[in-house]
Amino acid sequence: MIMKLGEMIRELLNLHDMTQKQLAENLSLSPSALGNYIQGSREPDYGTLIRIADYFQVTTDFLLGRRQVSDTSREEALLLHIFRSLTREQQEFYLEQGQIFIRQNRKKGSSVSPPSRQKNKGIS
């Protein structure tokens, strides 16, 4: 499923524990303009889309929910975004926690299979 731009912005706001008002101020946008983007009643121009992507350190394709066939799932992309947003110490801790989960799964004898990937053949 491809997320709409507004849903992605809302998810990034939640991830960064920010309000729409804070983001609008940080991007020099009116709160109503940002609200319209999130509600899907208006679309940002290219410059604004790029500013939003740069602010959250993601690509415009990520914001638009576009993935190439070889790209990762939305969840994997969010994990990568979270990882890149952490300090070096936090990244090391994050990796250690992941390794603990892998060892626990092996001990339980469960093999976690990766989710099936559907090829994105177009823009929705």
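Given the structure is predicted, the values throughout are model-derived calculations rather than measurements. Atoms considered below: every heavy atom in the structure, side chains included; atoms not considered: hydrogens, waters and symmetry mates.
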If you count every heavy atom of other residues, nucleotides or ligands that lies below 6.0 Å from Phe93 atom CZ, does the total exceed 12?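 Incorrect, the count does not exceed 12.
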
Other residues, nucleotides, ligands: >12 heavy atoms within 6.0 Å of Glu25 CD: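 Correct, the count exceeds 12.
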
Minimum heavy-atom distance between [X] and [Y], given as atom pair plus value:
{"X": "Asp17", "Y": "Gln22", "answer": "O-OE1, 4.2 Å"}
{"X": "Leu34", "Y": "Ala24", "answer": "CD2-N, 3.7 Å"}
{"X": "His81", "Y": "Leu15", "answer": "CD2-CD2, 3.4 Å"}

Roughly how far, to the nearest 0.5 Å, is [atom2] of [Y] from [atom1] of [X]?
{"X": "Gln97", "Y": "Leu95", "atom1": "CD", "atom2": "CG", "result": "10.0 Å"}
{"X": "Leu80", "Y": "Phe62", "atom1": "CG", "atom2": "CZ", "result": "9.0 Å"}
{"X": "Leu12", "Y": "Leu78", "atom1": "CG", "atom2": "CG", "result": "7.0 Å"}

Indicate every side-chain donor-acceptor pair of residues 50-57 with a distance under 3.5 Å to a residue at least two apart or in another chain.
from, atom 1, to, atom 2, distance (Å)
Arg51, NH2, Leu27, O, 2.3
Tyr55, OH, Asn26, ND2, 2.8

Please report the C-alpha distance between Glu43 and Leu5 in whole Å, then the side-chain angles of each, then the deciding distance to 0.1 Å, and finally whether the side chain to side chain contact (heavy atoms under 4.5 Å, CB included) criterion is met. CA-CA 8 Å; Glu43 294 179 351; Leu5 173 64; 5.7 Å; no

Taking Asn14 as the fixed residue, which of Glu11, Met18, Arg10, His16 is the one that meets the side chain to side chain contact (heavy atoms under 4.5 Å, CB included) rule?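 Only match with Asn14 under side chain to side chain contact (heavy atoms under 4.5 Å, CB included): Arg10.
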
Side chain to side chain contact (heavy atoms under 4.5 Å, CB included), that's the test. Do Leu23 and Gln20 meet it? Break it down for me. CA-CA 5 Å; Leu23 180 60; Gln20 289 182 30; 5.9 Å; no

Pairs meeting criterion salt bridge (Lys or Arg N to Asp or Glu O under 4.0 Å) with involvement of residues 88-103, two or more places apart: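 Pairs touching residues 88-103 that pass the test: Arg88-Glu92.
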
